[in-house]
Amino acid sequence: MKTMILNKKFYRHKTLRVAKNLIGKYLVREIDGKKLRVKIVETEAYLGKSDKASHAFKNKRTDRTKYLYRCGGTVYIYLIYGIYYCLNIVTSSVYKPHSVFIRAAEPIEGIKEMKQFRKKNINDLKELTNGPSKLCQSLKLDKTFNGKKVYNPDSELVIMSSENVEKNYKINKSPRINIDYAREDKDKKWRFYLSNSEFCSN
DNA sequence: CTTGCGATCGCCT
DNA sequence: GGCGATCGCAAGC
C-alpha cells in the first residue's frame with residue numbers, strides 16, 4: 001500500500017474522529033527542494049463554538065481566527081507567548097470553526113535539516129518534535145502558511161496516509177494540555193496519542 | 001490608545 | 001518544580 005496525500009474529504013468529519021485518524025499519518029514539508037517528513041503521534045481536538053479552550057469559542061471571529069472558518073484541510077498557525085508558533089488543521093464543515101492541534105511527531109526524513117532549523121544543539125532525536133512549537137521550528141512553519149491547504153499537492157505542507165501498519169496502532173486519549181482556563185471543558189478527553197511512542201510531548 | 005495575557009520552551013533551582 | 005522571554009492580539013476604555 002502506497003502512501004498518498006489525504007484528500008479534502010478526510011477532514012470533513014467530526015473533529016474528534018479526525019484528531020484520532022491523524023495519529024500515524026505523515027506530515028510532509030517541502031523546503032528548498034528538500035523533503036522533511038514526520039509521523040504525527042499526538043493531537044488535540046478544539047471544537048469551536050462550544051469549546052471554552054478554542055480560539056473560536058462562541059464563534060469568535062477575528063483577523064487571527066478567520067482561517068478556522070475555512071474548509072477542512074486549511075492550515076491555521078498562530079503565535080504564542082510572542083515567540084512560538086503552533087500548527088492546527090481545520091476540520092469539519094465550513095462555518096464550524098473546528099480544528100486539530102498537532103502536538104508532537106516522530107522525525108522520519110530530513111533530520112539533518114530539522115536540526116538546523118531548531119535553535120539549540122539536539123542530540124536526542126525526540127527533542128526535535130516532541131512539542132507543538134518544537135515541531136513548527138523543525139519544519140520551519142510560521143504564519144505565512146495560514147490559509148494553505150494540506151490536501152493540495154502544490155502546497156509546501158501536506159499530510160499523507162501511512163502504510164497499512166497503522167491498523168496495529170493503539171491510540172490513547174487524555175485531557176488536553178495547558179488549558180486550565182477552559183473551566184468545565186478542561187477535563188474533556190480530547191487529546192489523542194500513539195500508545196508507547198517515546199515521541200509524545202511531556 | 002492602553003493593557004493583560006497566552007493551545008510553549010528552555011533554563012534555573 | 002518554577003519562572004522569564006516577548007509580542008500579537010483582543011477587549012476595554
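Labels below follow one simple rule: chain letters A, B, ... track the order of the sequence lines, proteins then strands, and each chain is numbered from 1.
Nucleic acid contact class of A:Leu79 (heavy atoms, under 4.0 Å, all strands): sugar-phosphate only. Across all strands, A:Arg118 comes closer than 4.0 Å only to sugar-phosphate atoms, never to a base (heavy-atom distances). If you check every strand for non-hydrogen atoms under 4.0 Å, A:Arg103 touches sugar and phosphate atoms only. A:Lys119 comes within 4.0 angstrom of no nucleic acid atom, judged by non-hydrogen atoms across all strands.
Put simply, CG on A:Leu128 is 14 Å from C1' on B:dC9, counting in whole angstrom units. Note: CD1 (A:Ile102) to P (B:dT8) measures 14 Å, nearest angstrom. Computed from coordinates, the A:Ile77 CD1 to C:dG8 C1' distance equals 15 Å when rounded to whole Å. Spacing between atom CG of A:Asp142 and atom P of C:dG8 amounts to 13 Å, rounded to whole angstrom units. Here B:dC11 presents its C1' atom at 14 Å from CD1 of A:Ile122, a figure rounded to the nearest Å. Following rounding to the nearest Å, A:Ile80 (CD1) and C:dC7 (C1') show an atom-to-atom distance of 11 Å. One atom, OH of A:Tyr78, and another, C1' of B:dT8, lie 9 Å apart when rounded to the nearest Å. Look at CD1 on A:Ile83: it is 15 Å from C1' on B:dA7, rounded to the nearest Å.
Comparing the P positions of B:dT2 and C:dT6 gives an interatomic distance of 22 Å, to the nearest angstrom.
The cationic atom of A:Lys148 (NZ for Lys, CZ for Arg) lies less than 6.0 Å from the six-membered ring centre of A:Phe145 and within 45° of the ring axis. A cation-pi arrangement is present between A:Arg191 and A:Tyr193, with the terminal nitrogen or guanidinium carbon under 6.0 Å from the aromatic centre and inside a 45° cone about the axis.
No hydrogens or angles considered: a donor-acceptor pair under 3.5 Å links the side chains of A:Asn130 and A:Lys134. A:Thr3 and A:Ser161 share no side-chain donor-acceptor pair at under 3.5 Å.
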Residue pair A:Tyr46, A:His55: steps toward the ring-ring contact (aromatic ring centres under 6.0 Å, His included) verdict: CA-CA 8 Å; A:Tyr46 285 83; A:His55 290 171; 7.6 Å; no
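Residue side chain A:Phe101 fails the stacking definition with respect to B:dA7, as its ring centre and the base's six-membered ring centre are not both under 5.5 angstrom apart and under 30 degrees in plane angle.
Judged by distance alone with a 3.5 Å cut-off, a donor-acceptor contact links the side chain of A:Asn88 to the base of B:dA7.
Pair assignment for B:dA7 gives none, since no Watson-Crick or G-U wobble pairing has each distance under 3.5 Å.
Considering only side-chain N and O atoms, A:Lys186 lies nowhere under 4.0 angstrom from the phosphate OP1 or OP2 of B:dA7. In this model, the phosphate group of C:dA10 is approached by a side-chain N or O of A:Arg64 to a distance below 4.0 Å at OP1 or OP2. Taking side-chain N and O atoms only, A:Tyr181 has a distance below 4.0 Å to OP1 or OP2 of B:dA7. Between A:Asn178 and B:dT8 there is a side-chain N or O to OP1 or OP2 distance below 4.0 Å.
With salt bridges taken as basic N to acidic carboxylate O contacts below 4.0 Å, one links A:Glu184 and A:Lys52.
Nearest-nucleotide assignment on DNA chain C puts the 5′-proximal partner with A:Tyr84, out of A:Tyr84 and A:Lys143. Positionally, the nearest nucleotide of DNA chain B for A:Ile179 lies more toward the 5' end than for the other of A:Ile179 and A:Glu127.
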